[in-house]
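First comes the structure, then the notes that go with it.
First the proteins, then the strands, lettered A, B, ... as listed; each starts at 1.
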Number of protein chains: 2
Amino acid sequence: MSSLRERRKAETRQLLQRQALRLFQRDGYDQTTMNAIAEAAGVSAMTVYRHFPTKEDLVIWDEYTPVSIEALSHSPADDPLVRRIGHALIQTANAATTPDHRDLLLARLQLMVEVPALRARHLDNQYATQDAIVTALCGDDPDPDQEFQTRAISGACLGATHIALVHWARTDGKQHLPTLIHDALTATFPADFT
Amino acid sequence: MSSLRERRKAETRQLLQRQALRLFQRDGYDQTTMNAIAEAAGVSAMTVYRHFPTKEDLVIWDEYTPVSIEALSHSPADDPLVRRIGHALIQTANAATTPDHRDLLLARLQLMVEVPALRARHLDNQYATQDAIVTALCGDDPDPDQEFQTRAISGACLGATHIALVHWARTDGKQHLPTLIHDALTATFPADFT
DNA sequence: CCTCAAGTGGTAGTTACTAACACTTTGATA
DNA sequence: TATCAAAGTGTTAGTAACTACCACTTGAGG
């Protein structure tokens with residue numbers, strides 16, 4: 001059920017994020033105040049905070065919330081963990097299909113790479129993703145040793161993936177993102193990953 | 001040359017960090033104001049900011065600044081990268097020898113695991129460490145492909161190391177930290193790492 | 001002893017963010 | 001259709017992290 005109210009809400013959210021990104025790119029992240037963003041979107045400052053609890057969230061929030069964790073639990077259980085996790089990560093990157101979505105992702109990532117506060121938040125988000133991966137693979141009440149191992153491997157996969165994201169942002173998205181992630185994983189796990 | 005002035009400076013820094021950590025542990029990070037820390041240390045708020053530019057730095061700053069990057073460039077160049085980087089990371093953890101240093105490290109890490117803002121900053125610091133590793137291994141003007149590979153591998157090693165740190169903090173430092181890091185790396189790279 | 005620079009304190013500001021209250025609009029029900 | 005509860009928005013006043021600026025004290029070196 002997509003009521004008028006929910007559609008308006010989604011529209012305001014989108015408008016706010018796009019105006020914020022525009023101003024961040026034009027004037028810099030630190031130089032842009034929340035009041036300026038509110039004004040640019042034609043709403044009050046409070047409304048911005050209602051939609052995005054912090055300034056960082058204006059960049060971090062992903063409209064499409066991809067993260068295909070689902071794919072993980074359905075992947076063949078006898079595959080090596082590195083391969084299962086890696087393919088899920090590549091698949092997530094493949095979700096950004098439309099040019100519009102891709103451009104938005106690129107603008108956000110470039111900010112996340114350049115601005116220290118955003119970079120930190122982004123890394124913490126990846127850490128949360130790692131938790132989700134471990135839960136998807138190990139269930140709610142796993143064997144501690146197995147969980148430790150799964151956590152280490154997913155941490156390593158995300159660490160490798162991250163540098164692919166940074167490289168993609170730094171080169172203005174010229175290369176194919178899923179391929180970049182694939183290359184980073186192959187460089188790290190030449191045996192397990194093909 | 002350790003003049004009186006420099007010694008006083010170092011003492012004030014230590015005092016400030018220890019008082020801050022004490023208050024953070026007692027009252028919580030967000031609940032503790034910079035003014036309260038200044039008061040507890042018997043200085044003005046301005047002085048706190050002179051020594052630690054942000055509140056986060058009170059926890060992040062490491063008196064001993066270990067990070068034995070030096071060891072990297074002196075490790076045998078024909079060893080696999082995973083082994084070279086891994087051993088350097090373990091060696092860094094081994095630097096925390098005295099009980100005092102260890103307790104301080106544990107208190108700081110526990111805050112870094114629990115408090116989102118600190119967790120994010122810590123991850124960003126690890127990212128900076130990754131840069132230092134890549135520079136130490138590849139030099140200043142490396143071959144792009146080789147740099148990409150090195151970056152991916154060190155990202156993966158740090159990702160695996162991070163979960164060892166988190167596990168150590170969560171279990172109140174009961175286990176041997178270098179061993180934990182070793183285990184995480186072994187779980188991730190069973191072939192390259194022994 | 002004198003001078004200079006480093007360290008410290010005070011004040012006034014900016015800005016992200018919160019709490020509390022009033023007002024408007026929307027969606028569903030009598 | 002009239003009405004009412006809930007969701008969304010605005011306003012105001014406040015807190016706390018951080019900065020810029022200026023004045024003061026104290027240690028280092030000639």
Side-chain angles (χ1 to χ4, degrees), chain A residues 1-17 19-21 23-24 26-61 63 111-112 115-122 124, chain B residues 1-17 19-21 23-24 26-61 63 111-112 115-122 124:
Chain A
M1 68 150 183
S2 145
S3 61
L4 175 79
R5 201 169 248 168
E6 285 180 35
R7 256 175 292 142
R8 278 228 186 283
K9 189 171 173 177
E11 276 172 27
T12 311
R13 260 185 104 83
Q14 269 197 39
L15 176 65
L16 279 171
Q17 189 181 45
Q19 289 294 330
L21 291 175
L23 293 181
F24 289 159
R26 202 190 63 183
D27 305 330
Y29 179 78
D30 291 326
Q31 284 68 43
T32 306
T33 70
M34 293 295 269
N35 278 325
I37 297 166
E39 202 172 336
V43 298
S44 81
M46 270 309 302
T47 301
V48 184
Y49 286 112
R50 293 254 165 66
H51 285 273
F52 299 93
T54 74
K55 189 178 178 181
E56 295 160 5
D57 287 305
L58 280 161
V59 180
I60 298 295
W61 179 67
E63 183 185 350
L111 282 167
M112 293 188 221
V115 182
L118 296 173
R119 198 172 48 216
R121 267 293 302 269
H122 180 230
D124 194 43
Chain B
M1 68 151 184
S2 144
S3 61
L4 176 77
R5 200 169 248 168
E6 285 180 35
R7 257 176 293 139
R8 280 228 186 284
K9 189 171 173 177
E11 276 172 27
T12 311
R13 259 184 104 83
Q14 267 197 39
L15 176 66
L16 279 171
Q17 189 181 46
Q19 289 295 330
L21 290 174
L23 293 180
F24 290 159
R26 200 189 65 183
D27 305 330
Y29 179 79
D30 291 326
Q31 284 66 46
T32 306
T33 70
M34 294 294 268
N35 278 325
I37 296 166
E39 202 172 337
V43 297
S44 81
M46 274 306 304
T47 301
V48 185
Y49 285 111
R50 292 254 165 65
H51 286 273
F52 299 93
T54 72
K55 188 178 178 181
E56 295 161 5
D57 287 306
L58 280 161
V59 181
I60 299 294
W61 180 67
E63 184 184 349
L111 280 167
M112 293 189 221
V115 181
L118 297 174
R119 197 172 50 218
R121 267 293 301 269
H122 179 232
D124 195 41

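Distance, A:Asp30 CG to D:dT19 C1': 13 Å, rounded to whole Å. The interatomic distance linking A:Lys55 (NZ) with D:dC18 (P) rounds to 14 Å, in whole Å. Taking atom CG of residue B:Asn35 and atom P of nucleotide C:dG10, one finds them 11 Å apart after rounding to whole Å. In this structure, B:Glu11 places its CD atom 11 Å from P of C:dT8, rounding to the nearest Å. Separating the CZ atom of A:Arg13 from the C1' atom of D:dG8 is a distance of 14 Å, rounded to the nearest angstrom. When the P atom of D:dA17 is taken as reference, atom CZ of B:Phe52 falls 15 Å away, rounded to whole Å. B:Asp57 places its CG atom 8 Å from the P atom of D:dC18, with the value rounded to the nearest Å. When rounded to the nearest whole Å, the span between CZ of A:Arg7 and C1' of C:dT26 equals 12 Å.
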List every contact pair, protein side and nucleotides 9-13 of chain D side both N or O, where the distance is under 3.5 Å.
from	atom 1	to	atom 2	distance (Å)
D:dT9	OP2	A:His51	NE2	3.1
D:dG10	OP2	A:Ser44	N	2.9
D:dG10	OP2	A:Ser44	OG	2.9
D:dG10	OP2	A:Thr47	OG1	2.2
D:dG10	O6	A:Arg50	NH2	2.9

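For the atom pair CD of B:Glu39 and CG of B:Leu23, the computed distance is 10.0 Å after rounding to the nearest 0.5 Å.
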Practice task
Please step through side chain to side chain contact (heavy atoms under 4.5 Å, CB included) for the pair A:Thr47 and A:His51, ending with a clear verdict.
Solution key: CA-CA 6 Å; A:Thr47 301; A:His51 285 273; 3.8 Å; yes
Problem - Residues A:Thr54, A:Arg121; criterion side chain to side chain contact (heavy atoms under 4.5 Å, CB included); working and verdict - result: CA-CA 11 Å; A:Thr54 74; A:Arg121 267 293 302 269; 3.7 Å; yes
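Put simply, the side chain of B:Ile60 reaches to within 4.5 Å of the side chain of B:Met112, judged on heavy atoms.
Between B:Met34 and B:Val48, the closest heavy-atom pair is CE-CG1, 3.8 Å. Considering all non-hydrogen atoms of both residues, B:Asp57 and B:Phe52 come closest at O-CD2, 3.6 Å.
Side chain of B:Thr33, nearest nucleotide from D:dA16, D:dT19, C:dT26: D:dA16.
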